[in-house]
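This one's a predicted model, so the numbers in the text were calculated from it and none came from an experiment.
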Amino acid sequence: MSGQPSERRARGTDAYASQFGLAPEEVFPAMRELLGARMAEEAIESAGGTAWQEDELSLRDRSIVVLSALITQGDVEARLRGHVRWAVEHDLSPRQLDALVTLLANYVGYPRASVAMEIVRDELAQMGLSPDEH
């Protein structure tokens with residue numbers, strides 16, 4: 001894209017930068033490498049929409065919803081990892097993440113929940129956090 005980025009694209013870039021721990025200028029190249037240019041543009045524009053911007057749900061609430069959806073879908077481990085980290089940034093404690101996955105096991109099944117729990121615990125360990133921390 002040339003010229004000044006739209007406000008929506010800038011919000012989307014900032015959201016992905018936060019989620020993936022990248023500088024804003026690194027977002028499009030990283031996503032282009034992963035998804036191709038067209039889909040990267042779509043994803044960035046979409047992320048800059050109102051889904052993560054409206055006031056009715058806090059960022060913490062939104063993280064709970066997204067984590068629940070990803071765990072329910074299964075086979076999205078790479079996406080789950082980034083959202084676990086973002087959930088911690090949005091004030092979910094390791095114990096709350098543990099409780100969320102444990103609750104979901106009753107609804108989505110233990111195989112999916114156990115894979116999710118392994119990912120949550122691995123991401124927490126990489127962040128230097130214990131699953132027992134408040």
* Glu41 bridged to Arg9 by N-O distance under 4.0 Å -> yes
* First locate atom CG of Leu80, then atom CD of Glu118, and finally report the distance between them rounded to the nearest 0.5 Å. => 11.5 Å
* Structure fact -> All heavy atoms of His90 vs all of Ser63, minimum pair found to be ND1-OG, 2.8 Å
* Structure fact -> Rounded to the nearest 0.5 Å, the CZ atom of Arg79 sits from the CD1 atom of Ile119 at a distance of 12.0 Å
* To do: Would you kindly confirm whether Leu57 and Leu59 end up in one hydrophobic cluster when ILVMFWY residues are joined by side chain heavy atoms under 4.5 Å apart?
  => no
* Would you give the length of the straight line joining atom CG of Asp91 to atom CG of Asp61, rounded to the nearest 0.5 angstrom? => 11.0 Å
* To do: May I ask you to check whether over 12 heavy atoms, not counting those of Arg60, lie within 6.0 Å of atom CZ?
  => yes
* Minimum side-chain heavy-atom gap Leu67-Leu104 below 4.5 Å -> no
* To do: Provide the closest heavy-atom pair for Tyr16 versus Ala43 in the form atom of the first, atom of the second, distance.
  => CE1-O, 3.5 Å
* To do: Indicate if Val65 and Leu97 have the same hydrophobic cluster label, given that clusters are the connected sets of ILVMFWY residues with side-chain heavy-atom separations under 4.5 angstrom.
  => no
* Structure fact -> For Pro94 and Ser130, the nearest pair of non-hydrogen atoms, with its separation, is CB-O, 3.1 Å
* Asked: Is it the case that more than 12 heavy atoms not belonging to Glu25 sit under 6.0 Å from its CD atom?
  -> yes
* **Interatomic distance, Arg85 atom CZ to Gln126 atom CD [nearest 0.5 angstrom]** => 5.5 Å
* Asked: Under 3.5 Å, is there a donor-acceptor pair between the Trp86 and Ser18 side chains?
  -> yes
* Nearest-0.5 Å distance, CG of residue Asp122 to CD of residue Glu77 -> 12.0 Å
* Asked: What pair of heavy atoms forms the shortest contact from Pro131 to Leu124, and how long is it?
  -> CA-CD1, 4.2 Å
* Would you check if Phe28 and Thr13 make a side-chain contact, meaning some heavy-atom pair closer than 4.5 Å? => no
* Which pair of heavy atoms, one from Gln96 and one from Ser93, lies closest together, and at what distance? -> OE1-N, 2.8 Å
* Is a donor on one side and an acceptor on the other found under 3.5 Å between the side chain of Glu123 and the backbone of Val120? -> no
* Asked: Can you tell me how far CG of Leu92 sits from CG of Asp98, rounded to the nearest 0.5 angstrom?
  -> 11.5 Å
* **Main-chain N/O of Glu42 paired with Glu45 side-chain donor or acceptor, under 3.5 Å** => no
* **Side-chain donor or acceptor of Arg112 paired with backbone N/O of Thr72 under 3.5 Å** => yes
* If you count the non-hydrogen atoms of other residues, nucleotides and ligands that lie under 6.0 Å from CE in Met127, is the total more than 12? -> yes
* Asked: Would Arg11 and Glu7 pass as an ion pair if we require N to O under 4.0 Å?
  -> yes
* same_hphob_cluster(Met117, Tyr110) at 4.5 Å side-chain heavy-atom cutoff -> no
